Every structure is written in C-alpha cells, then in structure tokens.
Amino acid sequence: MLEHKKHNPLIALLGAAALLLSAPTMAAAAAATSPAAAEAPAAEAAPAATTEESSTSSASGGHGKITVASMFMLAVPVVKAVMIGLVAASVISWTILVIKLMFFAKLNKSSNNYLEAFRGARSIADINRISTSDEFAGNPMADMAAVATEEIQISKQAGLQVSGEHRDSTLHRASSSINAVQAGLAKRLSGGLTFLASTGSIGPFVGLFGTVYGIMNSFIGIADSGTTNLAVVAPGIAEALLATGIGLAAAIPAVVMYNIFNTSIAAYGTRSEQFVAELMNSLSRQLDKGA
C-alpha cells in the first residue's frame, strides 16, 4: 500500500513531462491547419468580387468605344431628331454658300463686261441695243439701262418732245423705271440670306434643347438604376452634349456666310447706284444733243 502511494507522484510527473513535450507538436499542427481554413473564406469571397468587377465592367463597356456615330445611334429619339434637323440646316447653308459664291462671281464678271460695252455706246439706241442683247441678259445693270431707254423710246413714239419741253418728265419716268428694277434686284441678291440668319440665330438654342432633354433623360436613367458610376452615366451625357456641338457647327458657318454675303450685296448695291448716276447723266446728255 505504501509502495503504491510512493509510485503515484512519480507517474504524475512523467505524465506532465509527456504533455509538455507534445505541446509544440500540437501547436505546429494547429498553425499548419489555420491557413487552410483561412483560404476557404477568401476563395469564397473571390468569385463574388470578380462577379462585381465584371458587372461594373459590363455596365461601363456596354457602349463600346464611344464615337460620334455610336453616340447618335444610342441617343433618344427627340435628341436624334434635333441632330438630324441641325445637320440638314448645315447642309443647306453650305449649299447656299456654293450657289451664292458662283452667282456673285458670274454677276461681277458680267457687270464688268457690260460697263465696258455701255461706255462705248454713242446714242440711246446703242445703249438699248447693248442692254437688250443676249450676252447681257439677266444682268441688273443691263436691265436698268434697257427699261430707261425703252421709256424714252416709248415717249418719243407717243409724240412727246423728249429733247424739249418734256425732257424732265421723260427723265423722271426713266428714273422711276430704274428704281423698280433696283427694288427687284435687292430681293434677288438677298435670296437665301433669311435662312442663313435663322440658322445662325436659333441653331445653338435648338442644339441646347436637345442637350437639356438628353441630360434630363440621363438623370432619369441614373435614378432608375440607382448607380452614380461615371462610366455608366457618361455615355448618355456625351450623347446629349453632341446636340449642342452640332448646333454650334451649324450656326457658326451660317453667321459667317451671312456676313460675307451681306457685304457682297452692299458692295454691289453701291456699284449699281454709281451706274445709275452714270446712266442718267448719259441719257440726259443724249437728250440735250437731240437724240
């Protein structure tokens, strides 16, 4: 009995030593097991993050590479209609530019040739013959001289003394005929300018209307989707701003063209006034000579 009690403390000491020796081995096993356990949640979280990134990438890349053509195709119908209208106005403006440039070039050349022929005339009959020739048909200066000389010839045929007591009244009637041609000339030269003025003045505002409508529609889309990601909302805003860009592209050239043609019309108007003075002096001189 006493020997059994003496062996018990010895067994206890041996057991404690065994536990101490086994503790580092158990800790190492636990440490080896811990990273594996940590990898499981990380592996589960990775697909979720990848899915989220893919969703964002899909949302931002849904429009593909943004170009003018793609922005137009993705715009809402109202903004598309605004863009089409502005592009049509721009095309018409450039067409007017080409037509007007050709018209004024031809007009100035024809007027130069007519003035040279007119200054070589020696009588009212010569002036009338030159002015009514096919070579100068449609030239405003030739038309003025034609109506003035025809009025004098009609007065002579009516038995009026155009070189005597009816001289002043005959010249007054000739001047009135010239004024009628000049009034028609102003309308003829200014053709197309009203369209250019309208395009230049309202083009930016029409484009701005398209932009406001497009941005409003984009913000409604933001509210519906619940996202403020710039990559998602930027294409819609860019489409809306394109309308203002087209409006300016249509308006600026139209304003420049309008100013150019206004200057050309004013210059030709001054030239025609000078010709009228020269024509009336020539007619008065011929009447004084008894022509």
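Fair warning: this is a prediction, and the values are worked out from it, not measured in the lab.
- A search for side chain to side chain contact (heavy atoms under 4.5 Å, CB included) contacts involving Ile246 returns Met83, Leu86, Val87, Leu242, not counting sequence neighbours.
- The heavy-atom pair separating Met280 from Ser175 by the smallest distance is CE-CB, 4.1 Å.
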Quiz: residues 253-267 side-chain donor-acceptor pairs under 3.5 angstrom, not counting sequence neighbours:
unit_1, atom_1, unit_2, atom_2, d
Tyr258, OH, Asn262, ND2, 3.3
Asn259, ND2, Val255, O, 3.3
Thr263, OG1, Asn259, O, 2.9
Ser264, OG, Ile260, O, 3.2

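- When hydrophobic clusters are built by joining Ile, Leu, Val, Met, Phe, Trp and Tyr residues whose side-chain heavy atoms come closer than 4.5 Å, directly or via intermediates, Ile215 is not grouped with Leu248.
- Among residues at least two apart or in separate chains, side-chain hydrogen bond (donor to acceptor under 3.5 Å, both in side chains) pairs with a member in residues 136-150 are Ser110-Asn139, Ser111-Asn139, Asn128-Thr149.
- Taking Ile, Leu, Val, Met, Phe, Trp and Tyr as hydrophobic and joining them when side-chain heavy atoms fall under 4.5 Å apart, one finds Leu208 in a cluster with Val212.
- Across Ala145 and Ser131, no two heavy atoms sit closer than the pair CB-OG, 3.2 Å.
- Closest non-hydrogen pair, Ile130 versus Ala121, comes out as CD1-CB, 4.0 Å.
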List, one per line, each side-chain donor-acceptor pair under 3.5 Å for residues 101-108, sequence neighbours excluded.
unit_1, atom_1, unit_2, atom_2, d
Asn108, ND2, Phe104, O, 3.0

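- For Ser155, the side chain to side chain contact (heavy atoms under 4.5 Å, CB included) partners two or more places apart in sequence, or in a different chain, are Glu151, Leu160, Val162, Thr170, Arg173.
- Counting only residues at least two apart or on different chains, the side-chain hydrogen bond (donor to acceptor under 3.5 Å, both in side chains) pairs with a member in residues 195-217 are Thr211-Thr244.
- Residue pairs meeting the salt bridge (charged side-chain N to carboxylate O under 4.0 Å, His left out) criterion with at least one partner in residues 114-127, sequence neighbours excluded, are Arg119-Glu278, Asp126-Arg129.
- Ala148 and Leu283 get closest at one heavy-atom pair: CB-CD1, 3.7 Å.
- Residue pairs satisfying the ring-ring contact (aromatic ring centres under 6.0 Å, His included) criterion with at least one member in residues 267-286, sequence neighbours excluded, are listed as follows: Tyr114-Phe275, Phe118-Phe275.
- Taking Ser176 as the reference, nothing meets the side-chain hydrogen bond (donor to acceptor under 3.5 Å, both in side chains) condition, with sequence neighbours excluded.
- Across all their heavy atoms, Ser123 and Gln286 have their closest contact at CA-OE1, 3.6 Å.
- Sorted by first and then second residue, the side-chain hydrogen bond (donor to acceptor under 3.5 Å, both in side chains) pairs involving residues 74-101 (not counting sequence neighbours) form an empty list.
- In the hydrophobic cluster analysis, where Ile, Leu, Val, Met, Phe, Trp and Tyr join through side-chain heavy atoms closer than 4.5 angstrom, Ile99 is grouped apart from Phe195.
- In terms of the side-chain hydrogen bond (donor to acceptor under 3.5 Å, both in side chains) criterion, residue partners of Asn112 (sequence neighbours excluded) are, by chain and number, Arg271.
- Closest approach of Ile178 and Val276 over heavy atoms only: CG2-CG2, 3.6 Å.
- Residues Ile154 and Leu279 do not share a hydrophobic cluster, clusters being chains of Ile/Leu/Val/Met/Phe/Trp/Tyr side chains in contact below 4.5 Å.
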